[in-house]
Structures are given as structure tokens and as C-alpha cells.
Amino acid sequence: MLEAGVPSTPHHFTSVAPGQNPIPNRHTKNGISSKSPPTDVRLLAKDIQEFLEDFYRIYGSFIPLQKRDVLRHLKRKFNTDFSGRKNIVFQEVTKYQDVMFQEPVPCFQVLYKKHTLTLEDLSTLADQNWLNDQVMNMYGELIMESAHHKVHFLNSFFHRQLMTKGYDGVKRWTKQVDLFSKSLLLVPIHLEVHWCLVTADIANKKICLYDSQGNALQKVARNILKYLMVEARERKQTDFESGWAVSYDEIIPQQTNENDCGVFVLEYSRRLALEKPQQFSQKDIPKIRKRIYKELCDCALHEQG
């Protein structure tokens, strides 16, 4: 039941500062307790319950909970590996989750800058749900923060507005941003039932398409190319009015279902912004979904993953 997690109604909002340990350990000193591991199952159950209460309070659900979260907490607290007792541990976790699902709780929200995420938004990260714009855009904000704003992530509605109203419809979207001073531009593209990503390496004037279902959407890369050339002319950035190259042959991880394209776009973006190789696959997506959920609630990207 560790993979489940949406209670009938959300939990309360908890503000977590970036960098703060998302799972408080109230009984430890310097992260490791001198306590001996409990031999009484009731005492172990009580400690697991306290951990899960903290987790539920911070994340609003058990959607991002992984087995290793519980085992890591117990090892940190008692300085003991509980892998040999994991069956007992997970039985207690499942038992407590069943109780929590029955309890009515107030509204849970994550507030960060101009972004507001509800539990309904965060629940798009559960199972194989399709991600929504609210999740995409707040995660893009966290990517920019983590890259110290050398990277710019355009709003997920940008391309749609560009296509329906032309350059004039998006001209003001970058009024406070000099795109040509950035190292990388990330443009999430939402085409009704599919997400893909267009990137612009500003210094090398190279545009790439990252599509987890192949390269059938080459036109969207050309749309961004045309936009950047007009933007350069309007901003009097003559060096960027021409000389661009477009690449469709990036070797990248591909999805094997119809549901995870949004997660692939966020993971492509994260790794590009942090200059990490695109070394992940479809089998990693469940863990990546959970990590993204936690990062959104913590309002900061995690170092690992």
C-alpha cells in the first residue's frame, strides 16, 4: 500500500523552507539517536506512526512515500538497519495508512511565489496520471532557482498563446527577462494530449526538440525558432537574428506508455538545467514522480535523483 496515497480529503497546509529537512526527527541528535532499536512491536509501531504523521502533515498525502523513506528514518533514529524486519515495518505502515484514509482533514496547499498547488494538482503525480500546467510551471520555477536563473523556463501556456495570437500575444511575457542573457531556454509544449520540450542553447544558437514519443512534432521547434528571431529583432539583439540551427536527433530516454510525457519533460528540463546526463528510463518514472512531488512540497530541488 506504500504506492497508494490519496486520502478522501486533503490535509492542512504546511510551509517548508527550501533546504529544510522535510521529515523532522524529533528524537535524534545530529541525525542519529543513541537509542536502542525497539524490540516491542508496539513501540516500533508508535515510532512509525509518528514518522507517518509528520510525513502526512508535510506532504498532504502518502503519494510520494517510498519504502526506503521509512527504513531510512528508522536507521537514522536508531542507527540500526531494519531491512531484516521490513515485513513488520511495512505491515505497520499499511495499517496506519488505512486509518488515515478514513479521517476527514482540512485543505492542503503549497504556496510558493506566484504559484499555488492544491492536493488535486499534486495528485496528478500519482500512478500514471497526466501532469497539469500548475505542476509543470511551479516545477519550472524550482528549476530556474536551482540553476541560479542562468536558465529560463517559459510558462506552459506560452506556445499555445504564441500559436493563437502570434508574437504580439506573447511580447509582454518576457518584458522583465532578457532571454539572450541566459545560457538555456526551456519551453514546455502542450499539444492537447502530449507534452514535449523545445530548448534553445542561446550561446551556440541551437534549438533542440526533446520528445519522449519520437520526432513527429518538428514544427514546434520551428515555431520557437521563428519566435526567437522576432524577439531578437524587437530587442535589437542583432547577433541572434540569424544563424540558428535546429536539431531533431537528440538521443534521449523514451516513454513506453501514453501517460508519462509530462514527467519526461520535467526530467529532461531538470537534467539539462543542472548539466546532468539524460540517464534514466521508463522504469525510473514512478520514483521520479515521487521525487517531484516532494520537491514541490519542499519548494526546492533535491540534490539526489
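One is the number of the first residue; the rest follow in order along the sequence.
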Subject >> Working for side chain to side chain donor-acceptor pair (under 3.5 Å), residues Y248 and D211 >> reply: CA-CA 9 Å; Y248 305 111; D211 186 350; over 6 Å; no
**OP:** Walk me through it: do S183 and I202 pass the test side chain to side chain contact (heavy atoms under 4.5 Å, CB included)?
**Re:** CA-CA 6 Å; S183 62; I202 302 299; over 6 Å; no
[X]-[Y] side chain donor-acceptor pair, cut-off 3.5 Å:
X    : Y    : answer
H159 : N223 : yes
N155 : W173 : no
H190 : R160 : yes
Q278 : Y268 : no
Q134 : N132 : yes
D260 : Q282 : yes
E231 : Y167 : yes

Subject >> Pairing of R57 and E53 as salt bridge, 4.0 angstrom limit >> reply: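 Answer for the salt bridge query: no.
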Original post:
Can the ring centroids of Y139 and F153 be said to lie less than 6.0 angstrom from one another?
Top reply: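 Between Y139 and F153, the centre distance exceeds or equals 6.0 Å.
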**OP:** Determine, using ring centers only, whether Y210 and F264 are less than 6.0 Å apart.
**Re:**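 No, they do not, as the ring centres are separated by 6.0 Å or more.
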Do the side chains of [Y] and [X] get nearer than 4.5 Å, heavy atoms only?
X    : Y    : answer
L122 : I63  : no
T80  : L74  : no
Q213 : C261 : no
F55  : H73  : no
I292 : R270 : no
Q237 : M229 : no
I224 : T199 : no
R76  : R72  : yes

Out of curiosity, [X] [atom1] to [Y] [atom2], how far, rounded to the nearest 0.5 Å?
X    : Y    : atom1 : atom2 : answer
Q279 : E267 : CD    : CD    : 11.5 Å
E241 : K236 : CD    : NZ    : 9.5 Å
Q218 : R222 : CD    : CZ    : 6.0 Å
L184 : L179 : CG    : CG    : 11.0 Å
K171 : R235 : NZ    : CZ    : 9.5 Å
L117 : L111 : CG    : CG    : 8.5 Å

Does [Y] offer a backbone N or O that forms a donor-acceptor pair with the side chain of [X] under 3.5 Å?
X    : Y    : answer
D298 : A300 : no
T118 : D121 : yes
K206 : A200 : no
R271 : K276 : no
N129 : S123 : yes
D69  : Q66  : yes
Q161 : G169 : yes
Y293 : Y59  : yes

Hydrophobic clustering (ILVMFWY, side-chain heavy atoms < 4.5 Å, transitive) - are [Y] and [X] grouped together?
X    : Y    : answer
W130 : M136 : no
V187 : W244 : yes
I288 : L142 : yes

Subject >> Trace of the side chain to side chain contact (heavy atoms under 4.5 Å, CB included) decision for L65 with V70 >> reply: CA-CA 8 Å; L65 183 65; V70 184; 4.2 Å; yes
Subject >> Charged tip of K67 within 45° of F90 ring normal and under 6.0 Å >> reply: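 Positive - K67 is close enough to the ring of F90 and near enough to its axis.
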**OP:** For a ring pair (Phe, Tyr, Trp, His ring centres under 6.0 Å) with Y56, tell me which candidate from F108, F51, F62, Y96 qualifies.
**Re:**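 Exactly one candidate clears the test, F62.
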**OP:** Any chance you could lay out the side chain to side chain contact (heavy atoms under 4.5 Å, CB included) test for N137 and E141, step after step, and finish with the verdict?
**Re:** CA-CA 6 Å; N137 290 325; E141 187 86 51; over 6 Å; no
Compare every heavy atom of [Y] with every heavy atom of [X], then report the nearest pair and how far apart it is.
X    : Y    : answer
D239 : K205 : O-NZ, 2.8 Å
D127 : R289 : O-NE, 3.0 Å
L296 : V110 : O-CG1, 3.5 Å
M138 : C299 : CE-SG, 4.0 Å
L266 : I143 : O-CD1, 4.2 Å
V220 : C196 : CG2-SG, 4.1 Å

Original post:
More than 12 foreign heavy atoms under 6.0 Å from CD of E258: is that the case here?
Top reply: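 Open: at most 12 neighbouring heavy atoms sit under 6.0 Å from CD of E258.
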**OP:** Give the C-alpha distance, both sets of side-chain angles, the deciding distance and a yes or no for side chain to side chain contact (heavy atoms under 4.5 Å, CB included) between S247 and L209.
**Re:** CA-CA 7 Å; S247 171; L209 171 65; over 6 Å; no
